[in-house]
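Note sheet for the following structure.
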Amino acid sequence: MAKHINELVASRRALLGGLAGLPLLNLAACATPGSAASTSADGFAPVAPTNADTLTLPSGYSWKTLIAWGDALFDGIPDAPDLDAMTRADQEQRFGQNNDMLALFAGEYAFPPPTTQDRLILCVNNEYASLELAYPALRSPYDVTASQIEALYASTGVSIVDIARDGAGWRVVKGDGASGRNRRITPFSPVVFTGPAARHPWIIAASAIVNAAEPAAADTTAHAVRCGTSANCAGGLTPWGTYLTAEENFDGLFVGALDTGAQFEDPALALDAASFGYPGVGFTDRTPRQFNIAENPRGPALYGWIVEIDPYDPSSTPKKRTALGRKKNECATTALAQDGRVVVYMGDDQRNEHVYKFVSRGRFDPSNRAANMDLLDDGQLYCAQCDEDGSGRWIAITLAAANTAAAALESPIRFHDEGDLLMRVRDAARFLGATPMDRPEDVEAICGANWRGLGPVLIACTNNSERGFEQPGNPRREDAERPHAAQSNLAGHILRFDETGGDCGAETFTWDIFAMGGDPNAESASMRTRGGGAPAFIATAYDGAPTISGDRFACPDNLFIDSTHRVWIATDGSDFVFEDCNDCVLVTPS
Ligand code: FEO
Ligand code: CA
(Lines give C-alpha, C1' and ligand atoms only; values in the text may rest on other atoms or scores of the structure.)
(Ligands and ions follow the chains in the order given, each with its own letter.)
Protein backbone atom coordinates (compact mmCIF):
# COMPACT_ATOMS: atom_id res chain seq x y z
CA MET A 1 0.00 0.00 0.00
CA ALA A 2 1.50 3.25 -1.10
CA LYS A 3 -0.07 5.31 1.63
CA HIS A 4 -0.98 4.56 5.20
CA ILE A 5 -4.67 3.88 5.55
CA ASN A 6 -5.28 6.78 7.89
CA GLU A 7 -3.64 9.12 5.41
CA LEU A 8 -5.90 7.87 2.65
CA VAL A 9 -9.01 8.19 4.73
CA ALA A 10 -8.02 11.60 5.99
CA SER A 11 -7.29 12.95 2.53
CA ARG A 12 -10.59 11.71 1.16
CA ARG A 13 -12.47 13.31 4.00
CA ALA A 14 -10.53 16.53 3.60
CA LEU A 15 -12.09 16.92 0.15
CA LEU A 16 -15.34 17.57 1.94
CA GLY A 17 -13.87 20.24 4.13
CA GLY A 18 -13.24 17.76 6.90
CA LEU A 19 -14.49 18.13 10.41
CA ALA A 20 -12.40 18.75 13.45
CA GLY A 21 -13.22 15.98 15.83
CA LEU A 22 -14.71 13.57 13.30
CA PRO A 23 -12.44 10.61 13.89
CA LEU A 24 -10.73 8.30 11.52
CA LEU A 25 -12.41 5.00 11.43
CA ASN A 26 -10.30 2.55 13.28
CA LEU A 27 -13.09 0.42 14.60
CA ALA A 28 -12.93 -1.66 17.72
CA ALA A 29 -15.44 -4.16 18.95
CA CYS A 30 -15.94 -7.60 17.46
CA ALA A 31 -12.48 -8.41 16.30
CA THR A 32 -11.36 -10.36 13.31
CA PRO A 33 -10.09 -13.72 14.58
CA GLY A 34 -6.49 -13.37 15.60
CA SER A 35 -6.53 -9.59 15.78
CA ALA A 36 -8.40 -9.07 19.03
CA ALA A 37 -5.37 -8.42 21.13
CA SER A 38 -3.80 -6.10 18.64
CA THR A 39 -6.54 -3.50 18.42
CA SER A 40 -7.65 -1.14 21.14
CA ALA A 41 -9.50 2.11 21.40
CA ASP A 42 -9.90 4.48 24.29
CA GLY A 43 -8.59 2.21 26.93
CA PHE A 44 -10.41 -1.01 26.23
CA ALA A 45 -9.43 -4.04 24.27
CA PRO A 46 -11.91 -5.40 21.75
CA VAL A 47 -13.72 -8.57 22.67
CA ALA A 48 -12.96 -11.70 20.71
CA PRO A 49 -15.61 -13.03 18.33
CA THR A 50 -18.22 -15.03 20.18
CA ASN A 51 -21.61 -16.61 19.65
CA ALA A 52 -22.20 -16.90 23.39
CA ASP A 53 -25.82 -16.26 24.35
CA THR A 54 -24.92 -13.41 26.67
CA LEU A 55 -23.60 -9.87 26.63
CA THR A 56 -19.80 -9.94 26.35
CA LEU A 57 -17.95 -6.83 27.51
CA PRO A 58 -14.26 -5.91 27.35
CA SER A 59 -12.09 -6.99 30.21
CA GLY A 60 -12.61 -4.76 33.24
CA TYR A 61 -16.27 -4.00 32.52
CA SER A 62 -19.34 -5.69 33.93
CA TRP A 63 -23.09 -5.45 33.49
CA LYS A 64 -26.23 -6.10 35.51
CA THR A 65 -29.90 -5.98 34.73
CA LEU A 66 -31.70 -2.76 35.67
CA ILE A 67 -35.15 -3.85 34.56
CA ALA A 68 -36.50 -6.66 32.41
CA TRP A 69 -39.71 -7.64 30.69
CA GLY A 70 -42.54 -8.16 33.12
CA ASP A 71 -40.96 -6.32 36.08
CA ALA A 72 -43.53 -4.37 38.08
CA LEU A 73 -43.55 -0.60 37.46
CA PHE A 74 -45.84 0.07 40.40
CA ASP A 75 -46.19 -0.86 44.06
CA GLY A 76 -48.95 -3.21 45.04
CA ILE A 77 -48.35 -5.97 42.50
CA PRO A 78 -45.82 -8.81 42.66
CA ASP A 79 -42.35 -7.80 41.45
CA ALA A 80 -42.13 -10.56 38.84
CA PRO A 81 -44.78 -11.60 36.33
CA ASP A 82 -46.72 -14.80 36.72
CA LEU A 83 -45.46 -16.55 33.60
CA ASP A 84 -48.19 -18.15 31.52
CA ALA A 85 -50.83 -16.14 33.36
CA MET A 86 -50.09 -12.63 32.09
CA THR A 87 -53.20 -10.63 31.21
CA ARG A 88 -53.47 -7.32 29.42
CA ALA A 89 -54.35 -5.54 32.68
CA ASP A 90 -51.28 -7.02 34.36
CA GLN A 91 -48.98 -6.22 31.43
CA GLU A 92 -50.18 -2.62 31.45
CA GLN A 93 -48.50 -2.24 34.85
CA ARG A 94 -45.28 -4.00 33.88
CA PHE A 95 -42.22 -3.30 31.75
CA GLY A 96 -42.72 -4.19 28.07
CA GLN A 97 -40.95 -6.65 25.79
CA ASN A 98 -38.17 -6.52 23.18
CA ASN A 99 -36.54 -3.18 23.85
CA ASP A 100 -35.28 -1.02 21.02
CA MET A 101 -34.49 2.64 21.73
CA LEU A 102 -33.47 3.79 25.20
CA ALA A 103 -33.48 7.48 26.11
CA LEU A 104 -32.55 9.20 29.36
CA PHE A 105 -34.04 12.48 30.55
CA ALA A 106 -32.85 14.51 33.50
CA GLY A 107 -35.09 14.05 36.52
CA GLU A 108 -35.86 17.74 36.44
CA TYR A 109 -36.06 19.39 33.03
CA ALA A 110 -33.49 22.07 32.24
CA PHE A 111 -31.92 23.44 29.09
CA PRO A 112 -29.14 22.78 28.33
CA PRO A 113 -29.69 19.32 29.82
CA PRO A 114 -27.76 18.74 33.05
CA THR A 115 -24.91 16.30 32.59
CA THR A 116 -24.94 14.70 36.02
CA GLN A 117 -28.00 13.75 38.01
CA ASP A 118 -28.94 11.09 40.50
CA ARG A 119 -32.49 10.88 39.22
CA LEU A 120 -33.38 10.17 35.59
CA ILE A 121 -36.36 9.17 33.51
CA LEU A 122 -35.72 6.19 31.25
CA CYS A 123 -37.89 5.91 28.14
CA VAL A 124 -37.83 2.58 26.33
CA ASN A 125 -39.38 1.43 23.07
CA ASN A 126 -40.93 -2.05 23.22
CA GLU A 127 -40.86 -2.97 19.57
CA TYR A 128 -42.60 -6.32 19.27
CA ALA A 129 -43.91 -9.27 21.27
CA SER A 130 -42.53 -12.78 21.75
CA LEU A 131 -45.12 -15.41 22.49
CA GLU A 132 -42.58 -17.87 23.85
CA LEU A 133 -41.27 -15.34 26.36
CA ALA A 134 -44.67 -14.66 27.91
CA TYR A 135 -46.22 -18.12 27.65
CA PRO A 136 -43.44 -20.72 27.80
CA ALA A 137 -45.86 -23.49 28.76
CA LEU A 138 -47.85 -23.14 25.56
CA ARG A 139 -47.36 -26.37 23.64
CA SER A 140 -48.12 -24.86 20.25
CA PRO A 141 -48.52 -21.29 18.98
CA TYR A 142 -51.87 -22.44 17.61
CA ASP A 143 -53.11 -22.84 21.19
CA VAL A 144 -52.74 -19.14 21.98
CA THR A 145 -55.92 -17.56 23.38
CA ALA A 146 -57.56 -14.20 22.69
CA SER A 147 -56.61 -13.02 26.18
CA GLN A 148 -52.98 -13.96 25.61
CA ILE A 149 -52.86 -12.18 22.25
CA GLU A 150 -54.30 -9.06 23.85
CA ALA A 151 -51.62 -9.20 26.56
CA LEU A 152 -48.93 -9.60 23.90
CA TYR A 153 -50.12 -6.49 22.09
CA ALA A 154 -50.00 -4.70 25.46
CA SER A 155 -46.37 -5.76 25.91
CA THR A 156 -45.40 -3.47 22.98
CA GLY A 157 -45.34 0.32 22.88
CA VAL A 158 -43.36 2.41 25.35
CA SER A 159 -42.24 1.97 28.96
CA ILE A 160 -41.35 5.03 31.03
CA VAL A 161 -39.45 4.39 34.24
CA ASP A 162 -38.06 6.59 37.02
CA ILE A 163 -34.57 5.52 37.99
CA ALA A 164 -32.35 6.77 40.82
CA ARG A 165 -28.73 6.37 41.85
CA ASP A 166 -27.50 5.73 45.35
CA GLY A 167 -24.54 3.97 46.91
CA ALA A 168 -25.57 0.66 45.38
CA GLY A 169 -25.86 2.08 41.87
CA TRP A 170 -28.90 2.72 39.69
CA ARG A 171 -32.29 1.26 40.62
CA VAL A 172 -35.87 1.51 39.45
CA VAL A 173 -38.16 3.73 41.49
CA LYS A 174 -41.63 2.20 41.51
CA GLY A 175 -44.68 4.42 41.60
CA ASP A 176 -47.99 3.91 43.35
CA GLY A 177 -49.89 4.85 40.22
CA ALA A 178 -50.88 8.24 41.60
CA SER A 179 -47.42 9.72 41.99
CA GLY A 180 -44.23 9.19 40.07
CA ARG A 181 -43.75 9.09 36.36
CA ASN A 182 -43.75 5.38 35.60
CA ARG A 183 -46.04 4.60 32.76
CA ARG A 184 -46.90 2.17 29.98
CA ILE A 185 -48.20 3.34 26.64
CA THR A 186 -49.56 0.40 24.67
CA PRO A 187 -51.54 -0.08 21.42
CA PHE A 188 -54.66 0.44 23.55
CA SER A 189 -53.69 3.78 25.14
CA PRO A 190 -55.37 7.05 24.17
CA VAL A 191 -53.40 9.23 21.76
CA VAL A 192 -54.24 12.36 19.81
CA PHE A 193 -53.50 12.97 16.14
CA THR A 194 -52.18 16.46 15.39
CA GLY A 195 -50.99 18.30 12.31
CA PRO A 196 -52.23 18.31 8.70
CA ALA A 197 -53.32 14.62 8.48
CA ALA A 198 -55.14 14.56 11.83
CA ARG A 199 -58.55 14.62 10.14
CA HIS A 200 -57.65 12.41 7.18
CA PRO A 201 -60.69 10.27 6.21
CA TRP A 202 -58.73 7.07 6.83
CA ILE A 203 -57.87 8.19 10.37
CA ILE A 204 -61.46 9.23 11.11
CA ALA A 205 -62.85 5.92 9.84
CA ALA A 206 -60.29 3.77 11.62
CA SER A 207 -60.56 5.76 14.86
CA ALA A 208 -64.30 5.10 15.06
CA ILE A 209 -63.69 1.35 14.83
CA VAL A 210 -60.88 1.43 17.39
CA ASN A 211 -62.85 3.47 19.89
CA ALA A 212 -65.88 1.22 19.49
CA ALA A 213 -63.67 -1.79 20.26
CA GLU A 214 -62.00 -0.16 23.26
CA PRO A 215 -64.02 0.88 26.32
CA ALA A 216 -63.36 4.55 27.07
CA ALA A 217 -61.79 5.63 30.32
CA ALA A 218 -63.82 8.26 32.13
CA ASP A 219 -61.17 10.95 31.71
CA THR A 220 -60.40 10.42 28.03
CA THR A 221 -58.95 13.46 26.27
CA ALA A 222 -61.10 15.09 23.62
CA HIS A 223 -60.54 13.51 20.19
CA ALA A 224 -58.46 10.74 21.74
CA VAL A 225 -58.07 7.59 19.70
CA ARG A 226 -57.41 4.47 21.74
CA CYS A 227 -54.94 3.04 19.21
CA GLY A 228 -51.86 3.92 21.28
CA THR A 229 -48.52 3.13 19.70
CA SER A 230 -46.65 -0.03 18.70
CA ALA A 231 -43.77 -1.31 16.54
CA ASN A 232 -41.65 1.36 18.22
CA CYS A 233 -38.15 1.23 16.85
CA ALA A 234 -35.73 4.07 17.51
CA GLY A 235 -36.70 7.69 18.07
CA GLY A 236 -35.18 10.77 19.62
CA LEU A 237 -35.22 13.41 22.32
CA THR A 238 -36.23 17.02 21.81
CA PRO A 239 -34.46 20.01 23.38
CA TRP A 240 -37.71 20.78 25.25
CA GLY A 241 -37.61 17.46 27.04
CA THR A 242 -40.05 15.27 25.14
CA TYR A 243 -39.56 11.78 23.78
CA LEU A 244 -40.08 10.96 20.11
CA THR A 245 -40.91 7.33 19.45
CA ALA A 246 -40.83 6.11 15.85
CA GLU A 247 -43.44 3.60 14.65
CA GLU A 248 -41.77 1.23 12.22
CA ASN A 249 -42.98 -2.25 11.20
CA PHE A 250 -46.66 -1.73 11.98
CA ASP A 251 -47.67 -3.99 9.11
CA GLY A 252 -47.28 -6.98 11.43
CA LEU A 253 -49.95 -5.67 13.82
CA PHE A 254 -52.68 -6.38 11.31
CA VAL A 255 -53.97 -9.84 10.46
CA GLY A 256 -56.59 -11.29 8.18
CA ALA A 257 -57.37 -10.69 4.55
CA LEU A 258 -57.67 -7.36 2.79
CA ASP A 259 -61.23 -6.11 2.35
CA THR A 260 -61.41 -5.99 -1.42
CA GLY A 261 -64.61 -3.94 -1.26
CA ALA A 262 -62.93 -1.13 0.62
CA GLN A 263 -59.89 -1.36 -1.63
CA PHE A 264 -62.04 -1.23 -4.74
CA GLU A 265 -63.70 1.94 -3.49
CA ASP A 266 -60.37 3.53 -2.65
CA PRO A 267 -57.49 2.20 -4.80
CA ALA A 268 -55.03 4.19 -2.68
CA LEU A 269 -55.71 1.67 0.10
CA ALA A 270 -54.50 -1.19 -2.09
CA LEU A 271 -51.36 0.76 -2.92
CA ASP A 272 -50.85 1.44 0.78
CA ALA A 273 -51.10 -2.25 1.66
CA ALA A 274 -48.61 -3.13 -1.07
CA SER A 275 -46.16 -0.43 0.01
CA PHE A 276 -46.16 -1.35 3.71
CA GLY A 277 -46.72 -5.06 3.29
CA TYR A 278 -49.77 -5.57 5.50
CA PRO A 279 -51.55 -7.62 6.67
CA GLY A 280 -49.23 -9.95 8.54
CA VAL A 281 -50.00 -13.51 9.60
CA GLY A 282 -52.11 -14.19 12.68
CA PHE A 283 -55.33 -15.48 14.15
CA THR A 284 -58.30 -13.44 12.98
CA ASP A 285 -60.61 -15.24 15.38
CA ARG A 286 -58.56 -14.28 18.45
CA THR A 287 -56.93 -10.94 17.61
CA PRO A 288 -58.47 -7.68 18.90
CA ARG A 289 -60.90 -6.73 16.17
CA GLN A 290 -59.34 -3.33 15.48
CA PHE A 291 -56.28 -5.24 14.23
CA ASN A 292 -58.30 -7.45 11.90
CA ILE A 293 -57.76 -5.81 8.53
CA ALA A 294 -61.09 -7.05 7.17
CA GLU A 295 -62.95 -5.31 10.01
CA ASN A 296 -60.75 -2.22 10.08
CA PRO A 297 -59.35 -1.80 6.53
CA ARG A 298 -58.00 1.67 7.27
CA GLY A 299 -56.52 0.72 10.65
CA PRO A 300 -52.93 0.84 9.37
CA ALA A 301 -53.39 4.59 8.79
CA LEU A 302 -53.21 4.99 12.58
CA TYR A 303 -49.57 3.82 12.64
CA GLY A 304 -46.32 4.74 10.93
CA TRP A 305 -46.09 8.11 12.65
CA ILE A 306 -43.66 9.88 14.95
CA VAL A 307 -45.26 10.06 18.39
CA GLU A 308 -44.31 12.76 20.90
CA ILE A 309 -44.57 11.93 24.59
CA ASP A 310 -43.96 14.22 27.57
CA PRO A 311 -42.16 11.96 30.06
CA TYR A 312 -42.44 14.58 32.80
CA ASP A 313 -46.24 14.48 32.79
CA PRO A 314 -47.65 10.96 33.17
CA SER A 315 -51.18 12.29 32.60
CA SER A 316 -50.31 13.82 29.22
CA THR A 317 -51.74 12.26 26.08
CA PRO A 318 -49.14 11.24 23.46
CA LYS A 319 -49.43 13.10 20.18
CA LYS A 320 -48.98 11.59 16.74
CA ARG A 321 -47.25 14.34 14.76
CA THR A 322 -48.57 13.85 11.25
CA ALA A 323 -46.53 16.78 9.85
CA LEU A 324 -43.51 14.44 9.95
CA GLY A 325 -45.09 11.99 7.48
CA ARG A 326 -46.18 8.36 7.62
CA LYS A 327 -43.61 5.69 6.85
CA LYS A 328 -41.67 2.89 8.55
CA ASN A 329 -39.89 5.34 10.79
CA GLU A 330 -36.65 4.10 12.21
CA CYS A 331 -35.71 7.23 14.13
CA ALA A 332 -36.45 10.89 14.80
CA THR A 333 -33.26 12.77 15.59
CA THR A 334 -33.46 16.46 16.41
CA ALA A 335 -30.88 19.18 15.80
CA LEU A 336 -31.37 22.93 15.85
CA ALA A 337 -30.79 24.94 12.68
CA GLN A 338 -28.61 28.02 12.98
CA ASP A 339 -31.71 30.20 13.23
CA GLY A 340 -33.24 28.07 15.99
CA ARG A 341 -35.73 26.13 13.90
CA VAL A 342 -36.07 22.48 14.86
CA VAL A 343 -34.84 19.85 12.41
CA VAL A 344 -35.93 16.21 12.74
CA TYR A 345 -34.06 13.60 10.67
CA MET A 346 -35.80 10.30 9.84
CA GLY A 347 -34.95 7.14 7.93
CA ASP A 348 -37.71 5.01 6.38
CA ASP A 349 -36.38 1.51 7.01
CA GLN A 350 -37.49 -0.53 4.06
CA ARG A 351 -35.56 -1.46 0.96
CA ASN A 352 -35.39 1.43 -1.52
CA GLU A 353 -37.24 3.87 0.72
CA HIS A 354 -35.96 7.31 1.62
CA VAL A 355 -34.30 9.67 4.08
CA TYR A 356 -36.35 12.63 5.32
CA LYS A 357 -36.01 15.73 7.41
CA PHE A 358 -38.62 18.03 8.88
CA VAL A 359 -37.84 21.68 9.55
CA SER A 360 -40.22 23.50 11.88
CA ARG A 361 -41.66 26.88 11.01
CA GLY A 362 -41.26 28.15 14.56
CA ARG A 363 -38.06 28.43 16.59
CA PHE A 364 -37.02 26.69 19.77
CA ASP A 365 -37.37 28.93 22.83
CA PRO A 366 -34.91 27.71 25.50
CA SER A 367 -36.50 29.91 28.15
CA ASN A 368 -40.10 28.74 27.76
CA ARG A 369 -40.62 24.98 27.62
CA ALA A 370 -44.37 25.22 27.09
CA ALA A 371 -43.94 27.40 24.01
CA ASN A 372 -42.15 24.56 22.20
CA MET A 373 -44.68 21.83 22.78
CA ASP A 374 -46.37 22.03 19.38
CA LEU A 375 -43.40 23.02 17.20
CA LEU A 376 -43.64 19.70 15.36
CA ASP A 377 -47.11 20.45 14.01
CA ASP A 378 -46.08 23.13 11.54
CA GLY A 379 -43.13 23.03 9.15
CA GLN A 380 -41.76 21.65 5.92
CA LEU A 381 -40.97 17.99 5.28
CA TYR A 382 -38.15 17.20 2.84
CA CYS A 383 -36.79 14.04 1.21
CA ALA A 384 -33.13 13.55 0.32
CA GLN A 385 -31.83 13.33 -3.22
CA CYS A 386 -28.16 12.34 -3.68
CA ASP A 387 -26.60 13.19 -7.02
CA GLU A 388 -23.75 11.39 -8.72
CA ASP A 389 -21.27 14.23 -8.31
CA GLY A 390 -21.42 14.07 -4.52
CA SER A 391 -23.88 16.91 -4.15
CA GLY A 392 -27.38 16.52 -2.81
CA ARG A 393 -30.54 18.44 -2.08
CA TRP A 394 -33.46 18.31 0.25
CA ILE A 395 -36.59 18.29 -1.89
CA ALA A 396 -39.53 20.06 -0.28
CA ILE A 397 -42.55 17.75 -0.25
CA THR A 398 -45.38 20.09 -1.18
CA LEU A 399 -48.84 19.33 -2.50
CA ALA A 400 -48.36 21.23 -5.74
CA ALA A 401 -44.93 19.77 -6.50
CA ALA A 402 -46.01 16.19 -5.72
CA ASN A 403 -49.12 16.38 -7.91
CA THR A 404 -47.18 18.04 -10.74
CA ALA A 405 -44.51 15.33 -10.53
CA ALA A 406 -47.14 12.57 -10.49
CA ALA A 407 -48.82 14.01 -13.56
CA ALA A 408 -45.50 14.37 -15.38
CA LEU A 409 -44.81 10.68 -14.72
CA GLU A 410 -48.31 9.84 -16.03
CA SER A 411 -49.29 8.29 -12.71
CA PRO A 412 -53.00 8.20 -11.85
CA ILE A 413 -52.14 8.95 -8.22
CA ARG A 414 -53.10 12.38 -6.91
CA PHE A 415 -52.83 13.76 -3.38
CA HIS A 416 -56.06 15.42 -2.28
CA ASP A 417 -54.69 17.80 0.33
CA GLU A 418 -51.77 18.31 2.74
CA GLY A 419 -53.02 15.56 5.00
CA ASP A 420 -53.26 13.07 2.15
CA LEU A 421 -49.75 14.07 1.07
CA LEU A 422 -48.36 13.21 4.51
CA MET A 423 -50.41 10.01 4.81
CA ARG A 424 -48.89 8.74 1.55
CA VAL A 425 -45.58 10.56 1.76
CA ARG A 426 -43.58 7.61 0.41
CA ASP A 427 -45.31 7.94 -2.95
CA ALA A 428 -44.83 11.70 -2.94
CA ALA A 429 -41.11 11.36 -2.22
CA ARG A 430 -40.74 8.82 -5.01
CA PHE A 431 -42.45 11.10 -7.55
CA LEU A 432 -40.28 14.01 -6.46
CA GLY A 433 -37.02 12.15 -7.07
CA ALA A 434 -35.91 11.05 -3.60
CA THR A 435 -32.98 8.62 -3.75
CA PRO A 436 -33.94 4.99 -3.06
CA MET A 437 -31.74 3.89 -0.17
CA ASP A 438 -30.30 0.66 1.21
CA ARG A 439 -32.70 0.55 4.20
CA PRO A 440 -31.91 3.78 6.02
CA GLU A 441 -32.03 3.14 9.76
CA ASP A 442 -30.65 5.60 12.26
CA VAL A 443 -29.79 9.15 11.20
CA GLU A 444 -27.64 11.10 13.64
CA ALA A 445 -26.56 14.74 13.43
CA ILE A 446 -23.41 15.96 15.12
CA CYS A 447 -24.48 18.71 17.48
CA GLY A 448 -22.46 21.28 19.38
CA ALA A 449 -23.40 23.17 22.49
CA ASN A 450 -27.09 23.88 23.00
CA TRP A 451 -28.25 21.21 20.52
CA ARG A 452 -27.09 23.25 17.50
CA GLY A 453 -26.36 21.00 14.53
CA LEU A 454 -22.84 21.42 13.15
CA GLY A 455 -23.64 20.10 9.67
CA PRO A 456 -22.34 16.53 9.44
CA VAL A 457 -25.08 13.90 9.55
CA LEU A 458 -24.51 10.13 9.56
CA ILE A 459 -27.00 7.67 8.08
CA ALA A 460 -26.82 3.94 8.82
CA CYS A 461 -27.87 2.03 5.69
CA THR A 462 -28.17 -1.39 7.20
CA ASN A 463 -28.25 -3.50 4.03
CA ASN A 464 -30.13 -4.13 0.83
CA SER A 465 -30.51 -7.79 0.00
CA GLU A 466 -32.22 -7.15 -3.32
CA ARG A 467 -31.14 -4.22 -5.41
CA GLY A 468 -28.15 -5.34 -7.45
CA PHE A 469 -27.14 -1.93 -8.74
CA GLU A 470 -25.94 1.21 -7.07
CA GLN A 471 -27.64 4.52 -6.54
CA PRO A 472 -25.79 7.69 -5.54
CA GLY A 473 -25.02 7.36 -1.84
CA ASN A 474 -25.61 3.61 -2.03
CA PRO A 475 -22.52 2.11 -3.65
CA ARG A 476 -21.80 -1.44 -4.66
CA ARG A 477 -18.40 -2.99 -4.04
CA GLU A 478 -15.75 -3.69 -6.61
CA ASP A 479 -15.30 -7.39 -7.29
CA ALA A 480 -13.26 -8.78 -10.14
CA GLU A 481 -14.98 -12.13 -9.95
CA ARG A 482 -18.55 -10.99 -10.36
CA PRO A 483 -20.27 -8.38 -12.48
CA HIS A 484 -20.41 -5.10 -10.65
CA ALA A 485 -24.05 -4.67 -11.56
CA ALA A 486 -25.16 -7.89 -9.87
CA GLN A 487 -24.08 -7.15 -6.30
CA SER A 488 -26.46 -6.63 -3.46
CA ASN A 489 -25.32 -4.86 -0.29
CA LEU A 490 -25.64 -7.38 2.54
CA ALA A 491 -22.99 -5.76 4.74
CA GLY A 492 -24.43 -2.24 4.57
CA HIS A 493 -22.68 1.10 4.87
CA ILE A 494 -22.76 4.40 6.70
CA LEU A 495 -23.37 7.49 4.65
CA ARG A 496 -22.33 11.00 5.60
CA PHE A 497 -24.11 14.20 4.63
CA ASP A 498 -22.52 17.61 5.18
CA GLU A 499 -25.25 20.23 5.36
CA THR A 500 -24.34 23.36 3.40
CA GLY A 501 -22.86 26.06 5.58
CA GLY A 502 -22.84 23.71 8.55
CA ASP A 503 -26.55 24.46 8.97
CA CYS A 504 -29.05 21.64 9.50
CA GLY A 505 -31.73 23.95 8.09
CA ALA A 506 -29.96 24.03 4.69
CA GLU A 507 -31.68 22.78 1.55
CA THR A 508 -28.50 21.34 0.00
CA PHE A 509 -25.67 19.10 1.19
CA THR A 510 -22.72 17.08 -0.02
CA TRP A 511 -22.46 13.35 0.61
CA ASP A 512 -19.67 10.84 1.05
CA ILE A 513 -19.31 7.29 2.26
CA PHE A 514 -18.31 7.30 5.93
CA ALA A 515 -17.75 3.55 6.22
CA MET A 516 -18.40 0.47 4.15
CA GLY A 517 -19.53 -2.54 6.18
CA GLY A 518 -17.33 -5.58 5.76
CA ASP A 519 -13.95 -6.87 6.83
CA PRO A 520 -10.94 -4.60 6.23
CA ASN A 521 -8.65 -7.60 6.78
CA ALA A 522 -10.45 -10.03 4.48
CA GLU A 523 -8.49 -11.93 1.92
CA SER A 524 -11.46 -12.29 -0.42
CA ALA A 525 -13.94 -9.68 -1.60
CA SER A 526 -16.88 -11.95 -0.85
CA MET A 527 -17.84 -14.68 1.55
CA ARG A 528 -20.58 -17.23 2.04
CA THR A 529 -23.30 -16.19 4.45
CA ARG A 530 -25.32 -18.12 6.98
CA GLY A 531 -27.00 -21.13 5.44
CA GLY A 532 -24.78 -20.95 2.36
CA GLY A 533 -27.01 -18.42 0.62
CA ALA A 534 -26.00 -15.55 -1.61
CA PRO A 535 -22.46 -14.29 -1.03
CA ALA A 536 -21.88 -11.15 0.97
CA PHE A 537 -19.50 -8.63 -0.52
CA ILE A 538 -17.26 -7.49 2.29
CA ALA A 539 -14.61 -5.24 0.75
CA THR A 540 -14.49 -2.00 2.74
CA ALA A 541 -12.96 0.24 0.08
CA TYR A 542 -14.87 3.01 -1.63
CA ASP A 543 -13.63 4.91 -4.64
CA GLY A 544 -10.34 3.06 -4.50
CA ALA A 545 -9.56 3.90 -0.88
CA PRO A 546 -10.18 1.93 2.32
CA THR A 547 -12.89 3.42 4.50
CA ILE A 548 -12.08 1.60 7.74
CA SER A 549 -9.30 -0.20 9.50
CA GLY A 550 -9.47 -2.31 12.63
CA ASP A 551 -12.42 -4.57 13.26
CA ARG A 552 -15.01 -5.83 10.85
CA PHE A 553 -18.71 -5.06 11.05
CA ALA A 554 -21.88 -5.49 9.01
CA CYS A 555 -25.46 -4.23 9.08
CA PRO A 556 -25.06 -0.93 10.96
CA ASP A 557 -28.33 -0.04 12.67
CA ASN A 558 -28.19 2.55 15.43
CA LEU A 559 -25.57 5.24 15.80
CA PHE A 560 -24.61 7.49 18.68
CA ILE A 561 -22.24 10.43 18.51
CA ASP A 562 -20.87 11.29 21.94
CA SER A 563 -19.70 14.63 23.29
CA THR A 564 -16.16 14.04 22.02
CA HIS A 565 -17.56 13.13 18.59
CA ARG A 566 -16.68 9.49 18.80
CA VAL A 567 -19.16 7.49 16.74
CA TRP A 568 -20.71 4.41 18.34
CA ILE A 569 -22.19 1.88 15.92
CA ALA A 570 -24.62 -0.89 16.90
CA THR A 571 -25.13 -3.67 14.38
CA ASP A 572 -28.31 -5.69 13.78
CA GLY A 573 -28.06 -8.78 11.62
CA SER A 574 -24.28 -8.78 11.41
CA ASP A 575 -24.31 -12.41 12.48
CA PHE A 576 -25.94 -13.29 9.18
CA VAL A 577 -22.76 -12.13 7.44
CA PHE A 578 -20.14 -13.00 10.05
CA GLU A 579 -21.51 -16.24 11.48
CA ASP A 580 -18.87 -16.64 14.16
CA CYS A 581 -19.81 -13.48 16.04
CA ASN A 582 -22.93 -11.97 17.56
CA ASP A 583 -24.05 -8.46 16.79
CA CYS A 584 -21.79 -5.91 18.39
CA VAL A 585 -21.18 -2.28 19.29
CA LEU A 586 -18.17 -0.57 17.75
CA VAL A 587 -16.56 2.76 18.44
CA THR A 588 -14.27 5.04 16.52
CA PRO A 589 -11.32 6.35 18.55
CA SER A 590 -11.27 9.95 19.68
FE1 FEO B 1 -36.66 -1.72 14.13
FE2 FEO B 1 -35.20 -0.79 11.40
O3 FEO B 1 -35.08 -1.59 13.06
CA1 CA C 1 -33.31 -0.32 14.57
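Order of appearance sets the numbers: ligands from 1, and atoms from 1 within every ligand.
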**Asked** Are the side chain of Ser189 and the backbone N or O of Arg226 linked by a donor-acceptor pair below 3.5 Å?
**Response** no
**Message:** Once you measure the plane-to-plane angle for Phe193 and Trp305, does it fall in the parallel (<30°), tilted (30-60°) or perpendicular (>60°) bin?
**Reply:** perpendicular
**Request:** Please calculate the OD2(Asp349)-atom 2 (Fe) of ligand 1-OE1(Glu441) angle and round it to 10 degrees.
**Result:** 90°
**Prompt:** With a cut-off of 2.8 Å, does any N, O or S atom of Asp572 fall short of it relative to atom 2 (Fe) of ligand 1?
**Reply:** no
**Message:** For atom 2 (Fe) of ligand 1, give me the closest N/O/S atom belonging to Glu330, just the atom name.
**Reply:** OE1
**Message:** Check whether Phe469 forms a cation-pi arrangement with Arg476 (NZ or CZ under 6.0 Å from the six-membered ring centre, at most 45° off the ring normal).
**Reply:** no
**Message:** Ring centroids only, cut at 6.0 angstrom: are Tyr312 and Trp240 within range, meaning strictly under it?
**Reply:** no
**Message:** Take a 6.0 Å sphere around CZ of Phe105 and say whether it holds more than 12 heavy atoms from other residues, nucleotides or ligands.
**Reply:** yes
**Asked** Would Glu248 count as a contact for atom 2 (Fe) of ligand 1, in the sense that one of its N, O or S atoms lies under 2.8 Å from it?
**Response** yes
**Item:** Glu127, N/O/S atom nearest atom 1 (Fe) of ligand 1
**Value:** OE2
